[in-house]
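Below you'll find the structure, written out as structure tokens, and then a few comments.
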Amino acid sequence: LERKLKSQVIIFVIGGPGSGKGTQCERLAAKYQFQHLGMGNLLRAEAGQPTGQGRQIKDIMLKGVLVPSGFILDLLNDNLLKREEAKGFLVNGFPRELNQAKAFERVGRPPNIVIVLDCSTETMIQRLLLRGQTGHRADDHEACVRQRLETHYTLCEPVIGYYQQKNLLRNVGGGPEDAIFAKCCSVLDSLP
Ligand code: ADP
């Protein structure tokens with residue numbers, strides 16, 4: 001992986017459930033012509049497979065807990081290599097726990113930058129429950145939302161500190177979509 005992904009920009013986009021990762025990544029991918037890899041999207045595709053593994057992943061996601069890191073790393077590596085020709089990657093929803101961050105570096109290299117969407121808990125809950133009403137994601141109901149937030153605060157938060165120490169973290173805060181997009185753009189524009 002290391003030898004193959006030398007010249008590509010790798011950006012991790014992290015933040016709580018409903019913080020706007022998917023929305024921002026889609027807009028950024030269009031503007032910068034980067035490849036958007038949403039871990040949740042990739043996992044939902046896996047969960048739709050009529051296999052034992054598909055069912056297991058689906059169950060895990062419906063509980064609002066994390067899919068085992070070994071599987072996540074394989075899924076990410078496969079998808080990075082599949083799009084080797086891309087000039088950059090926006091990886092949405094990775095890493096979600098400290099061991100994923102460290103494991104990624106063992107097989108490859110650190111990301112160029114990590115963007116964190118720092119959104120208030122109330123805003124995240126409101127958005128997820130609203131999205132739940134339109135019914136397109138089975139995990140957007142109250143019990144699951146509560147568990148995803150819990151997972152986020154216990155397992156994902158330490159990842160933020162880890163990248164802070166490495167001076168790779170860019171906190172674009174919370175707030176209206178366009179303001180966040182502008183901040184994300186200035187982060188990307190500042191990359192060498
Ligand atoms: P959200 O951020 O709104 O929870 P995602 O689509 O990013 O939505 O993720 C949905 C679910 O997929 C998570 O609740 C988790 O079960 C699983 N998942 C996504 N990314 C990861 C990851 N990096 N490691 C483990 N599980 C993950």
Side-chain angles (χ1 to χ4, degrees), residues 1 10-29 35-49 53-80 89-108 110-111 114-160 162-163 172 174 177 180 184:
L1 190 73
I10 299 180
I11 299 168
F12 290 163
V13 180
I14 60 178
S19 61
K21 300 182 295 292
T23 307
Q24 296 296 337
C25 282
E26 266 171 38
R27 291 182 67 178
L28 292 166
Q35 183 69 43
H36 174 199
L37 297 180
M39 295 314 292
N41 298 338
L42 295 173
L43 286 168
R44 274 183 287 279
E46 295 291 328
Q49 301 287 328
Q53 181 173 269
R55 270 190 300 278
Q56 273 180 356
I57 293 174
K58 190 174 176 182
D59 287 348
I60 294 174
M61 292 175 80
L62 281 174
K63 281 190 194 136
V65 297
L66 295 182
V67 173
S69 291
F71 186 81
I72 296 289
L73 264 296
D74 287 346
L75 188 65
L76 177 58
N77 289 347
D78 287 351
N79 278 278
L80 287 170
F89 293 97
L90 287 152
V91 184
N92 155 8
F94 180 91
R96 264 184 148 108
E97 54 182 331
L98 212 47
N99 70 28
Q100 293 181 5
K102 292 180 178 166
F104 184 79
E105 286 169 35
R106 278 198 295 274
V107 293
V114 180
I115 292 177
V116 54
L117 301 177
D118 195 2
C119 198
S120 79
T121 312
E122 299 83 79
T123 304
M124 294 194 280
I125 292 176
Q126 257 177 22
R127 285 180 183 164
L128 294 170
L129 294 182
L130 197 69
R131 192 171 67 181
Q133 285 169 11
T134 69
H136 80 252
R137 260 181 63 174
D139 59 348
D140 286 339
H141 62 82
E142 205 182 326
C144 192
V145 164
R146 214 174 307 122
Q147 180 56 57
R148 279 152 68 204
L149 283 166
E150 169 76 24
T151 303
H152 173 72
Y153 286 118
T154 55
L155 295 173
C156 312
E157 282 282 328
V159 172
I160 294 173
Y162 177 74
Y163 287 122
V172 297
E177 185 185 321
I180 300 298
C184 289

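One is the number of the first residue; the rest follow in order along the sequence. All ligand and atom numbering here is 1-based and tracks the order in the structure.
Between Ile14 and Pro95, the closest side-chain pair of non-hydrogen atoms falls below 4.5 Å. Side-chain contact between Leu155 and Arg96 is absent, with no heavy atoms from C-beta onward closer than 4.5 Å. Side-chain atoms of Arg137 and Arg131, non-hydrogen and from C-beta on, do get closer than 4.5 Å to each other.
A donor-acceptor pair under 3.5 Å is formed between the side chain of Gln24 and the backbone N or O of Glu177. A donor-acceptor contact shorter than 3.5 Å is absent between the side chain of Thr151 and the backbone of Leu66. Between the side chain of Lys21 and the main chain of Gly93, no donor-acceptor pair closer than 3.5 Å is present.
Close contacts of ligand 1 with Met39, meaning ligand atoms under 4.0 Å from a residue heavy atom, involve 20 (N). Each of the atoms 22 (C), 23 (N), 24 (N), 25 (C) of ligand 1 lies under 4.0 Å from some heavy atom of Gln100. Residue contact check: Gly18 has heavy atoms under 4.0 Å from atoms 3 (O) of ligand 1. Listed by atom number, the atoms of ligand 1 under 4.0 Å from Leu43 heavy atoms are 12 (O), 17 (C), 18 (N), 19 (C), 27 (C). Per-residue contacts place Gly40 under 4.0 angstrom from the following atoms of ligand 1 (heavy atoms of the residue considered): 5 (P), 6 (O), 9 (O).
Within the structure, the closest approach of Pro95 to ligand 1 does not fall below 4.0 Å when heavy atoms are considered. Within the structure, ligand 1 lacks His152 among the residues with a heavy atom less than 4.0 angstrom away. Residue contact annotation: Arg44 has a non-hydrogen atom under 4.0 Å from ligand 1. Using a 4.0 Å cutoff on heavy atoms, Lys63 does not count as a contact of ligand 1.
Nearest protein heavy-atom neighbour of atom 4 (O) of ligand 1: Arg148 NE, 3.1 Å. Distance from atom 11 (C) of ligand 1 to its nearest protein heavy atom, with residue and atom name: Met61 CE, 3.7 Å. Scanning the protein heavy atoms around atom 16 (O) of ligand 1, the nearest turns out to be Val65 O, 2.6 Å. Protein heavy atom nearest atom 23 (N) of ligand 1, with residue, atom name and distance: Gly93 O, 2.9 Å. In this structure, atom 9 (O) of ligand 1 lies nearest to the protein heavy atom Arg96 NH1, 3.7 Å.
Residue contacts with ligand 1 for Ile72 involve side-chain atoms from C-beta outward but no N, CA, C or O (heavy atoms, distance under 4.0 Å). Of the heavy atoms in Arg137, only side-chain atoms (C-beta onward) come closer than 4.0 Å to ligand 1.
Of all non-hydrogen atoms in Asp140 and Leu129, the two that sit nearest each other are O-CD2, 4.5 Å. The nearest pair of heavy atoms linking Asn79 to Leu75 is ND2-O, 2.8 Å.
At under 3.5 Å, a nitrogen or oxygen of Val67, whether backbone or side chain, sits near a nitrogen or oxygen of ligand 1. For ligand 1, the polar-atom distance check against Asn92 finds no nitrogen or oxygen pair separated by under 3.5 Å.
The salt bridge (Lys or Arg N to Asp or Glu O under 4.0 Å) test applied to Arg127 returns no partner, not counting sequence neighbours. Residues satisfying the ring pair (Phe, Tyr, Trp, His ring centres under 6.0 Å) criterion with Phe12, sequence neighbours excluded, are Phe94, Phe104.
Salt bridge Arg146/Glu142: present, at least one basic N to carboxylate O contact under 4.0 Å.
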